[in-house]
Amino acid sequence: MRRQFLHLMTDNNNPIIDTPIDPMEAAFEQARRAETRGEVPIGAVLVDANTGKILAAHGNRVEELCDPTAHAEMLVIREAALKKQSPRLIDCDLYVTLEPCAMCAQAISFARVRRLYFAAYDPKGGGVDHGPRIYTHSTCHHAPEVIGGLREQEAAGMLQIFFNNKR
């Protein structure tokens with residue numbers, strides 16, 4: 001996988017400039033940070049495919065923000081759209097540690113994200129390869145290229161440990 005450059009990865013918006021990092025590793029770092037906040041450990045990173053720069057990186061903030069839509073994917077789409085001053089992110093790739101749910105899959109479609117990379121599959125709550133399979137519907141206006149299963153065991157293990165500890 002091509003190396004990317006990370007910026008704005010710290011929670012306090014202090015940039016780490018020109019630190020080479022794999023965007024999926026950056027998504028895992030966001031998932032680990034989410035877990036330390038008591039959130040389900042899911043992280044997402046949105047990359048400008050033309051420049052290789054990370055536009056946004058977030059972990060889940062559902063509990064912290066008392067917002068059921070504050071999934072990592074939604075947060076990075078919102079931030080990147082503001083940065084690009086466009087609701088369409090046609091030249092952007094999304095990296096996420098879990099198969100997006102139906103809500104996030106639809107937002108990815110509406111944002112016209114170019115490519116979606118995800119780690120673990122989600123047979124119960126996924127909306128891409130499982131459940132409603134959003135991108136297979138004739139009413140779906142845009143389907144990104146999807147590459148799933150990257151570091152699948154690592155992501156699934158992180159989630160399994162999190163939920164086992166909650167029980």
Side-chain angles (χ1 to χ4, degrees), residues 1-6 9 21-35 39-62 68-84 86-160 162-163:
M1 182 176 286
R2 192 178 78 176
R3 302 294 279 178
Q4 302 292 331
F5 288 91
L6 171 69
M9 278 299 298
I21 191 166
D22 169 342
M24 187 57 86
E25 177 55 34
F28 271 90
E29 175 58 28
Q30 291 299 319
R32 288 187 284 274
R33 290 178 185 196
E35 184 172 23
E39 301 280 352
V40 176
I42 299 170
V45 170
L46 208 135
V47 176
D48 183 316
N50 294 322
T51 65
K53 296 287 184 182
I54 292 176
L55 296 171
H58 286 281
N60 277 2
R61 292 187 182 274
V62 172
T69 70
H71 292 194
E73 302 95 74
M74 300 294 281
L75 296 172
V76 296
I77 288 169
R78 289 174 189 151
E79 183 177 333
L82 282 172
K83 283 183 179 176
K84 292 183 79 66
S86 174
R88 285 166 289 288
L89 303 170
I90 57 173
D91 292 327
C92 294
D93 298 337
L94 178 63
Y95 295 80
V96 63
T97 58
L98 183 66
E99 176 185 348
C101 69
M103 173 185 69
C104 292
Q106 194 66 58
I108 292 162
S109 176
F110 288 156
R112 307 294 196 266
V113 169
R114 183 181 80 144
R115 220 173 259 138
L116 166 64
Y117 298 90
F118 67 85
Y121 290 89
D122 187 356
K124 287 176 122 178
V128 177
D129 283 346
H130 296 88
R133 297 184 172 142
I134 296 296
Y135 306 135
T136 64
H137 293 260
S138 61
T139 56
C140 180
H141 296 292
H142 170 77
E145 181 181 347
V146 177
I147 299 98
L150 305 173
R151 295 172 63 175
E152 179 180 6
Q153 291 180 342
E154 181 181 354
M158 181 185 291
L159 287 160
Q160 185 175 31
F162 175 81
F163 286 113

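Scope of the values below: all heavy atoms of this structure, side chains included, with no hydrogens, waters or symmetry mates.
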What pairs with R151 under salt bridge (charged side-chain N to carboxylate O under 4.0 Å, His left out), at least two apart in sequence or on another chain? E25, E154
Donor-acceptor pair, distance only, cut-off 3.5 Å: does the side chain of [X] make one with the backbone of [Y]?
X    : Y    : result
T97  : A119 : no
H141 : S109 : no
D22  : M24  : yes
E99  : V128 : yes

So, taking the atom named [atom1] in [X] and the one named [atom2] in [Y], what distance separates them when rounded to the nearest 0.5 Å?
X    : Y    : atom1 : atom2 : answer
F110 : I77  : CZ    : CD1   : 11.0 Å
L46  : R114 : CG    : CZ    : 11.0 Å
L82  : L55  : CG    : CG    : 11.5 Å
L116 : D93  : CG    : CG    : 9.5 Å
R61  : R33  : CZ    : CZ    : 9.5 Å

Any side-chain heavy atom of I42 within less than 4.5 Å of one from E73?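 I42 vs E73: side chains touch.
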Residues which pass side-chain contact (heavy atoms from CB on, under 4.5 Å) with [X], listed by chain and number, not counting sequence neighbours:
X    : value
C101 : H71, M103, C104
F163 : V40, L159, R167
P87  : none
R88  : S86, I90, R112

Of all heavy-atom pairs between [X] and [Y], which one has the smallest distance, and what is that distance?
X    : Y    : result
V45  : A27  : CG2-N, 3.4 Å
T69  : R78  : OG1-NH2, 3.0 Å
I134 : A105 : CG1-CB, 3.9 Å
A107 : M74  : CB-SD, 3.5 Å
I108 : P144 : CG2-CG, 3.9 Å
M158 : A31  : SD-CB, 3.8 Å

Checking salt bridge (Lys or Arg N to Asp or Glu O under 4.0 Å) between D48 and each of K84, K83, K53, which is the one that passes?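 With D48 as partner, K84, K83, K53 yield a single salt bridge (Lys or Arg N to Asp or Glu O under 4.0 Å), made by K84.
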Which pairs count as salt bridge (charged side-chain N to carboxylate O under 4.0 Å, His left out) when at least one residue sits in residues 125-147, sequence neighbours excluded?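 Pairs touching residues 125-147 that pass the test: R115-E145.
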Describe, in one word, how the ring planes of H130 and Y121 are oriented to each other, choosing from parallel (under 30°), tilted (30 to 60°) and perpendicular (over 60°). perpendicular
I'd like to know if R32 and E29 make a salt bridge, using a cut-off of under 4.0 Å between side-chain N and carboxylate O.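 Looking at R32 and E29, the cut-off is met.
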